[in-house]
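Report on one structure; see the data block that follows.
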Amino acid sequence: VEITEMEPTDIADEALTGGYFVEVDAYANQEPEGEWLETTTRHIPVTIKSPDPGISQQYNYIKSYFEKVESLVFRYPNSQPGNFDYRNIFDLESFVQHFIVGELSGNTDTYWSTYMYKDRGDDKIHTGPVWDFDIAFDNDARTYPINNITNTFLFNSGKASAATNMMEFAQRIIKTDTRTTTDISDIWSIARNDYYLTYDDLAAYIDAKAAELDASQKLNFIRWPIMNQYVHQNPVISGSYAAEVNRIKTYLRNRFTVLDKLMKYDPSKTSSLDLCIADNTKVNPIVNGQTITITSGTFTVHTLDGRLVFAGTGTTPLLSPGLYIVTTPGAPAVKVVI
């Protein structure tokens, strides 16, 4: 998480404003005193991951800031519009993106453990990164089969888990705030239309990763022979690595159908960022391990969330495994899997 690393001396003025990395954590009260907090009115438990404990000014600052967000969220719509809108101090886009990942993956624990951060000089608390997917992708007997829940989102189905009052916190944003329906539709639709959030692309990515991990999984199940055994919350024992991979793909194929309806997918909605310029010129990136090379001209490489990771000519530095958007002037953007 790219936030400012705080020092014990950062106790006043702008230095006190960040960066903070916290976790809404159902197990927070198991942490040592000074490393977690409980909000005053709703008792949402929050673990402070960074900065290190022991500085009262920093502890009090992030506790007060999170409580202010909480207060405005639960007061909506009476806290809106103007300076009392929770969106002034809480980043709605990252929260919705995090929510979408939770719903697409079928992560029962989306609001059991939720990371958030606030950087120095930034007025908003942001949600993310996502994590903890051991019982996602229809791997939880309590919610299986998720795609039979078609009339509401998983988080709101009564079957998902959550830290104290965190489910209500999410409901206030996603359901009570009527503006969020449009926000969800826009973000979901743009991701579907512009950023390759499709079943075919995810299935190709899964197949590539499954092949990459094949030798490792064989060793894993020699060391721990649990392929045909019940493990925490497993609803189904598929019997083989290939069958488990296919079960994930089948789940995702059906999940897109359910979520397109719930999230009000708009096939015509596109981003204002023009990634594709109408031209017959082709981009031919060469992938060598974890680098991308284009032999002529300048090009840029972005992550799917829009972060620029390279701009120039020749060959990129080493990139982390993932999906990237490669563009050159006057040519359509192409997707590249590392």
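In this chain, numbering begins with 1 at the start of the sequence shown.
Between Glu103 and Leu259, the closest side-chain pair of non-hydrogen atoms falls below 4.5 Å. Contact check for Lys118 versus Thr17: side-chain heavy atoms found under the 4.5 Å cut-off. Proximity of Thr110 to His98: side-chain heavy atoms (C-beta onward) are separated by under 4.5 Å at one or more points. Side-chain contact between Asp183 and Leu92: present, with at least one pair of heavy atoms (C-beta onward) separated by less than 4.5 Å. Between Tyr241 and Leu213, some side-chain heavy-atom pair lies under the 4.5 Å cut-off. Side-chain atoms of Phe299 and Thr316, non-hydrogen and from C-beta on, do get closer than 4.5 Å to each other. Val336 is not listed as a side-chain neighbour of Leu323, based on a closest heavy-atom distance of 4.5 Å or more. Counting only heavy atoms from C-beta outward, the side chains of Arg142 and Thr108 approach each other to under 4.5 Å.
To the nearest 0.5 Å, atoms CG (Leu202) and CZ (Arg255) are separated by 13.5 Å. Distance check: Ile294 CD1 to Ile286 CD1 gives 8.5 Å after rounding to the nearest 0.5 Å. Between the CD1 atom in Ile184 and the CD1 atom in Ile174 there is a gap of 5.5 Å [rounded to 0.5 Å]. Atom CG of Leu16 is separated from atom OG1 of Thr9 by 11.0 Å, given to the nearest 0.5 angstrom.
Taking Ser161 as the reference, Asp109 meet the side-chain hydrogen bond (donor to acceptor under 3.5 Å, both in side chains) condition, with sequence neighbours excluded. Looking at residues two or more places apart in sequence or on another chain, you find a side-chain hydrogen bond (donor to acceptor under 3.5 Å, both in side chains) between Lys335 and Asp201.
Applying the salt bridge (Lys or Arg N to Asp or Glu O under 4.0 Å) test to pairs two or more places apart or on separate chains, those with a residue in residues 12-34 are Glu23-Lys49. Applying the ring pair (Phe, Tyr, Trp, His ring centres under 6.0 Å) test to residues at least two apart or on different chains, the pairs with a partner in residues 26-66 are Tyr20-Tyr61, Tyr27-Trp112, Tyr61-Tyr65. The list of salt bridge (Lys or Arg N to Asp or Glu O under 4.0 Å) pairs with a residue in residues 287-300, not counting sequence neighbours, is empty.
Here the closest heavy-atom approach between residue Glu244 and residue Gly239 is recorded as OE2-N, 4.4 Å.
Within a 6.0 Å radius of NZ in Lys209, other residues, nucleotides and ligands contribute more than 12 heavy atoms. Within a 6.0 Å radius of NZ in Lys63, more than 12 heavy atoms belonging to other residues, nucleotides or ligands are found. Counting non-hydrogen atoms of neighbouring residues, nucleotides and ligands closer than 6.0 angstrom, the CD atom of Glu2 reaches no more than 12 such neighbours.
A donor-acceptor pair shorter than 3.5 Å can be found between the side chains of Asn156 and Gln171. Checking Asp214 against Gln217 by side-chain atom types alone, a donor-acceptor pair falls below 3.5 Å. Using a 3.5 Å distance cut-off with no hydrogens or angles, the side chains of Asn254 and Thr257 do not pair a donor with an acceptor. No hydrogens or angles considered: a donor-acceptor pair under 3.5 Å links the side chains of Thr180 and Arg87. Donor-acceptor pairing under 3.5 Å is recorded for the side chains of Asn234 and Asn139. Side chains of Thr300 and Thr327: a donor-acceptor N/O pair is present below 3.5 angstrom, by distance only. No side-chain donor-acceptor contact under 3.5 Å links Asn107 and Ser105. A donor-acceptor contact closer than 3.5 angstrom is absent between the side chains of Tyr144 and Asp138.
Asn246 contributes a side-chain N or O that, together with a main-chain N or O of Ala242, makes up a donor-acceptor pair within less than 3.5 Å. When atom types are taken as modelled, the side chain of Asn288 and the backbone of Thr291 share no donor-acceptor pair closer than 3.5 angstrom.
By the 30° and 60° cut-offs, the orientation of the rings of Tyr111 relative to Phe95 is parallel.
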Go through Asp177 and Arg172 one step at a time and tell me if the side chain to side chain contact (heavy atoms under 4.5 Å, CB included) criterion holds. CA-CA 6 Å; Asp177 187 345; Arg172 296 292 298 184; over 6 Å; no
**Message:** Could you walk me through whether Asp266 and Ser268 satisfy the side chain to side chain donor-acceptor pair (under 3.5 Å) test, starting with their C-alpha distance in whole Å, then the side-chain angles of each, then the deciding distance to 0.1 Å, before giving a yes or no?
**Reply:** CA-CA 5 Å; Asp266 180 357; Ser268 67; 2.6 Å; yes
> Which is it for Glu67 and Thr39 under the side chain to side chain donor-acceptor pair (under 3.5 Å) test, yes or no, and what are the steps along the way?
Replying inline: CA-CA 6 Å; Glu67 287 179 338; Thr39 60; 5.5 Å; no
Kindly determine whether Phe74 and Tyr86 satisfy ring pair (Phe, Tyr, Trp, His ring centres under 6.0 Å), including the steps that lead there.
CA-CA 9 Å; Phe74 277 93; Tyr86 72 89; over 10 Å; no
- Message: Ser113 vs Asp132, test: side chain to side chain donor-acceptor pair (under 3.5 Å). Steps then yes/no.
- Response: CA-CA 8 Å; Ser113 173; Asp132 195 15; 5.0 Å; no
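Ion pair Arg179/Asp85 flagged as a salt bridge, since at least one NZ, NE, NH1 or NH2 atom sits closer than 4.0 Å to an Asp/Glu carboxylate oxygen. With respect to Asp207 and Lys249, a salt bridge is recorded, a charged nitrogen being found less than 4.0 Å from a carboxylate O.
For the pair Arg42 and Phe169, the NZ or CZ position fails the cation-pi test of under 6.0 Å to the six-membered ring centre and within 45 degrees of the ring normal. Cation-pi check for Arg192 over Tyr265 is met; the charged atom lies under 6.0 angstrom from the ring centroid and within 45 degrees of its normal.
Under a 4.5 Å side-chain heavy-atom criterion applied to ILVMFWY residues, the cluster that includes Trp131 comprises Val1, Ile3, Phe21, Tyr115, Tyr117 as well.
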